[in-house]
There are 2 protein chains.
Amino acid sequence: MISPTAEYALRAIVALAQRQGSPVVTPDLAKATRISAPYLSKILQTLGRAGLVVSQRGTGGGFRLARAPESMSVLEVVNTVDPVRRIHACPLGIESHGTRLCPLHRRLDDMAEQIELTFSETTIAELLSEDGPSKALCASKKKPVTLVTGRPGNPRKAK
Amino acid sequence: MISPTAEYALRAIVALAQRQGSPVVTPDLAKATRISAPYLSKILQTLGRAGLVVSQRGTGGGFRLARAPESMSVLEVVNTVDPVRRIHACPLGIESHGTRLCPLHRRLDDMAEQIELTFSETTIAELLSEDGPSKALCASKKKPVTLVTGRPGNPRKAK
DNA sequence: GGGGTTCCGGATACACTTATCCAGAACAGT
DNA sequence: ACTGTTCTGGATAAGTGTATCCGGAACCCC
């Protein structure tokens with residue numbers, strides 16, 4: 001439905017949102033999101049160029065959200081790394097009829113529109129931990145994986 | 001949203017449904033759907049193994065739908081070539097909590113569920129030509145591409 | 001049963017996405 | 001300015017999905 005890369009980007013954005021503006025260094029973010037550090041780094045670069053995150057080099061640097069989580073939609077994040085594809089014209093070679101789509105492609109595009117709408121209506125803030133039991137990014141309660149919150153002796157369990 | 005292959009499979013199934021059980025040979029189906037013949041052939045093989053289409057070799061052979069278009073759902077076709085991926089457990093390494101998903105993955109799975117539901121409720125018959133202007137597979141009215149219906153002097157316009 | 005037709009399935013090539021690596025530039029603190 | 005830190009961006013590798021090719025098997029008709 002969405003590409004792994006888009007899902008990674010959302011994980012990273014959510015993890016950054018949890019930090020409330022404090023810069024997070026790539027390896028830490030990689031541990032929190034369970035994404036490989038080099039690849040995450042590429043995704044963060046893309047998000048940075050799009051203006052969704054801000055990077056800061058040197059000691060005490062890292063990445064932070066460029067805006068408040070309440071004002072950032074899921075759609076913005078997804079579209080930055082892997083845009084939702086709408087069907088505007090008939091995918092068959094036949095260009096003749098304008099915006100009219102056949103039933104098949106009409107329905108597929110309706111779905112894409114629905115997804116786009118849902119993404120645009122959901123803010124990052126809503127993904128944080130709204131309803132108790134399941135915390136953002138699936139962080140467990142029983143196993144305090146520390147989730148990078150503060151890392152006094154990180155178990156270094158990342159397989 | 002769905003892979004090219006899944007969309008190809010739907011095109012092929014719809015094109016077969018238009019033929020009302022008459023066997024269609026792969027090159028003809030390729031022209032109708034604008035899918036490359038060798039690749040379409042692979043997809044048809046898969047659909048055949050899944051029992052959605054029936055193949056017949058030799059002269060007068062080809063492919064035809066195994067069942068009535070009214071009794072075949074879009075979901076069956078899609079799942080045959082490229083199953084809808086539901087999120088059953090937290091994609092992060094943390095297995096600790098059962099079926100509880102964090103808000104992010106809960107929402108993504110809700111979408112997948114919605115898509116699955118819509119696909120399961122839509123039959124191939126509904127994709128044929130329900131509402132006049134836009135005929136199945138985006139076949140234009142102005143340009144009678146013949147769409148393989150009967151082909152007296154096929155323009156052979158496939159780029 | 002011979003010949004033309006059509007699907008079958010393995011092998012292969014190509015493209016795009018995902019993932020990795022590393023030298024270099026920017027930055028903070030001293 | 002020097003040093004350690006951290007991001008940057010290009011080059012590259014690995015993996016998956018898409019597309020092609022071809023010999024062989026099944027089938028129909030004569």
Side-chain angles (χ1 to χ4, degrees), chain A residues 1-12 16 19 22-66 78 80-85 91 148 158-159, chain B residues 1-12 16 19 22-31 33-66 78-85 91 148 158-159:
Chain A
M1 185 175 49
I2 65 173
S3 67
T5 301
E7 201 257 341
Y8 289 172
L10 285 172
R11 279 193 217 176
L16 285 179
R19 300 302 201 81
S22 318
V24 188
V25 110
T26 305
D28 281 1
L29 205 55
K31 286 190 195 100
T33 56
R34 309 268 176 145
I35 302 169
S36 83
Y39 194 53
L40 174 60
S41 158
K42 287 300 182 204
I43 295 172
L44 288 170
Q45 274 181 47
T46 304
L47 293 173
R49 276 190 287 264
L52 295 186
V53 303
V54 174
S55 65
Q56 175 67 16
R57 295 200 249 204
T59 311
F63 292 90
R64 59 186 172 80
L65 279 197
V78 170
T80 297
V81 295
D82 187 18
V84 174
R85 287 190 213 286
V148 167
K159 178 229 164 162
Chain B
M1 187 172 51
I2 65 173
S3 68
T5 301
E7 201 257 341
Y8 289 172
L10 285 171
R11 280 193 216 175
L16 285 180
R19 299 304 202 78
S22 319
V24 187
V25 109
T26 305
D28 282 359
L29 205 56
K31 286 189 194 100
T33 56
R34 309 269 177 146
I35 303 170
S36 84
Y39 194 52
L40 174 60
S41 157
K42 287 299 182 202
I43 294 172
L44 288 170
Q45 275 181 47
T46 304
L47 293 173
R49 276 190 288 262
L52 295 185
V53 304
V54 174
S55 65
Q56 175 68 15
R57 295 199 248 204
T59 311
F63 291 90
R64 57 183 175 82
L65 280 197
V78 170
N79 273 349
T80 296
V81 296
D82 187 18
V84 174
R85 286 188 214 288
V148 166
K159 173 231 164 176

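A note on names: the letters A, B, ... follow the listed sequences, proteins ahead of strands, and every chain is numbered from 1. Owing to the predicted nature of the structure, the values given are computational and were not obtained by experimental measurement.
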(request) In whole angstrom, give the distance that lies between atom CG of D82(B) and atom P of dT16(D). (result) 14 Å

(message) To check you understand the geometry: which heavy-atom pair defines the closest contact between R11(B) and R34(B), and what is its length?
(response) NH1-O, 3.9 Å

(request) Identify the heavy atoms of P23(B) and G61(B) that sit nearest to each other, and give their distance. (result) CB-O, 3.5 Å

(request) Give S3(B) one of three labels, base, sugar-phosphate or nothing, depending on what nucleic acid heavy atoms sit under 4.0 Å from its own. (result) sugar-phosphate

(request) Take atom CD of Q45(B) and atom P of dT6(C), then tell me their distance rounded to the nearest Å. (result) 16 Å

(message) With a 4.0 Å limit, can you tell me whether T5(B) has a side-chain N or O closer than that to the phosphate oxygens OP1/OP2 of dT18(D)?
(response) yes

Can you give the donor-acceptor pairs under 3.5 Å from side chains of residues 44-52 of chain A to other protein atoms, not counting sequence neighbours?
| from | atom 1 | to | atom 2 | distance (Å) |
| --- | --- | --- | --- | --- |
| T46(A) | OG1 | K42(A) | O | 3.2 |

(message) With a 4.0 Å limit, can you tell me whether Y8(A) has a side-chain N or O closer than that to the phosphate oxygens OP1/OP2 of dT18(C)?
(response) no

Considering only nitrogen or oxygen atoms on both sides, find all protein atoms under 3.5 Å from nucleotides 26-30 of chain D and state each distance.
| from | atom 1 | to | atom 2 | distance (Å) |
| --- | --- | --- | --- | --- |
| dA26(D) | O4' | R57(B) | NE | 3.4 |
| dA26(D) | O4' | R57(B) | NH2 | 3.1 |
| dC27(D) | O3' | Q56(B) | NE2 | 3.1 |
| dC28(D) | OP1 | Q56(B) | NE2 | 3.1 |

(message) So for K42(A) and dG10(D), does any side-chain atom that can act as donor or acceptor lie under 3.5 Å from a complementary atom in the base?
(response) yes

(message) Under 4.0 Å from OP1 or OP2 of dC8(C): is there any side-chain N or O of S41(B) that close?
(response) no

(request) Please state how far atom CG in L44(B) lies from atom P in dG9(C), giving the value in whole angstrom units. (result) 13 Å

(request) State whether S55(B) places a side-chain N or O below 4.0 Å from either non-bridging phosphate oxygen (OP1 or OP2) of dC8(C). (result) yes

(request) May I ask you to verify if any side-chain N or O of R49(B) is less than 4.0 angstrom from the OP1 or OP2 atom of dG9(C)? (result) yes

(message) Just verifying a value: how many Å separate T33(A) OG1 and L16(A) CG, rounded to the nearest 0.5 Å?
(response) 9.0 Å

(request) To the nearest Å, give me how far apart CZ (R64(A)) and P (dC7(D)) are. (result) 13 Å

(request) Just do the side chain to side chain donor-acceptor pair (under 3.5 Å) check on T5(A) and D82(A) with the steps written out, would you? (result) CA-CA 7 Å; T5(A) 301; D82(A) 187 18; over 6 Å; no

(message) In whole Å, I'd like the distance from the CG atom of D28(B) to the C1' atom of dT5(C).
(response) 13 Å

(request) Using whole Å, report how far CD of E7(A) lies from P of dT18(C). (result) 11 Å

(request) May I ask you to test the Q56(A)-R64(A) pair for a side-chain heavy-atom distance under 4.5 Å? (result) no

(request) Write down the distance between CD1 (I2(B)) and P (dT18(D)), rounded to a whole number of angstrom. (result) 11 Å

(request) Verify the contact: side-chain N or O of S36(A) to OP1 or OP2 of dT18(C), cut-off strictly under 4.0 Å; return yes or no. (result) no

(request) Could you check whether G62(B) gets within reach of a base, just the sugar-phosphate, or nothing at all, counting any heavy atom under 4.0 Å? (result) sugar-phosphate

(request) Starting at atom CZ of R85(A), determine the distance to atom C1' of dC16(C), rounded to an integer number of angstrom. (result) 11 Å

(request) State the CD1-CG distance between I43(A) and L10(A), to the nearest 0.5 angstrom. (result) 10.0 Å

(request) Answer yes or no: does a side-chain N or O of Y39(A) lie under 4.0 Å from OP1 or OP2 of dT18(C)? (result) yes

(request) State the NZ-OG1 distance between K31(B) and T26(B), to the nearest 0.5 angstrom. (result) 11.0 Å

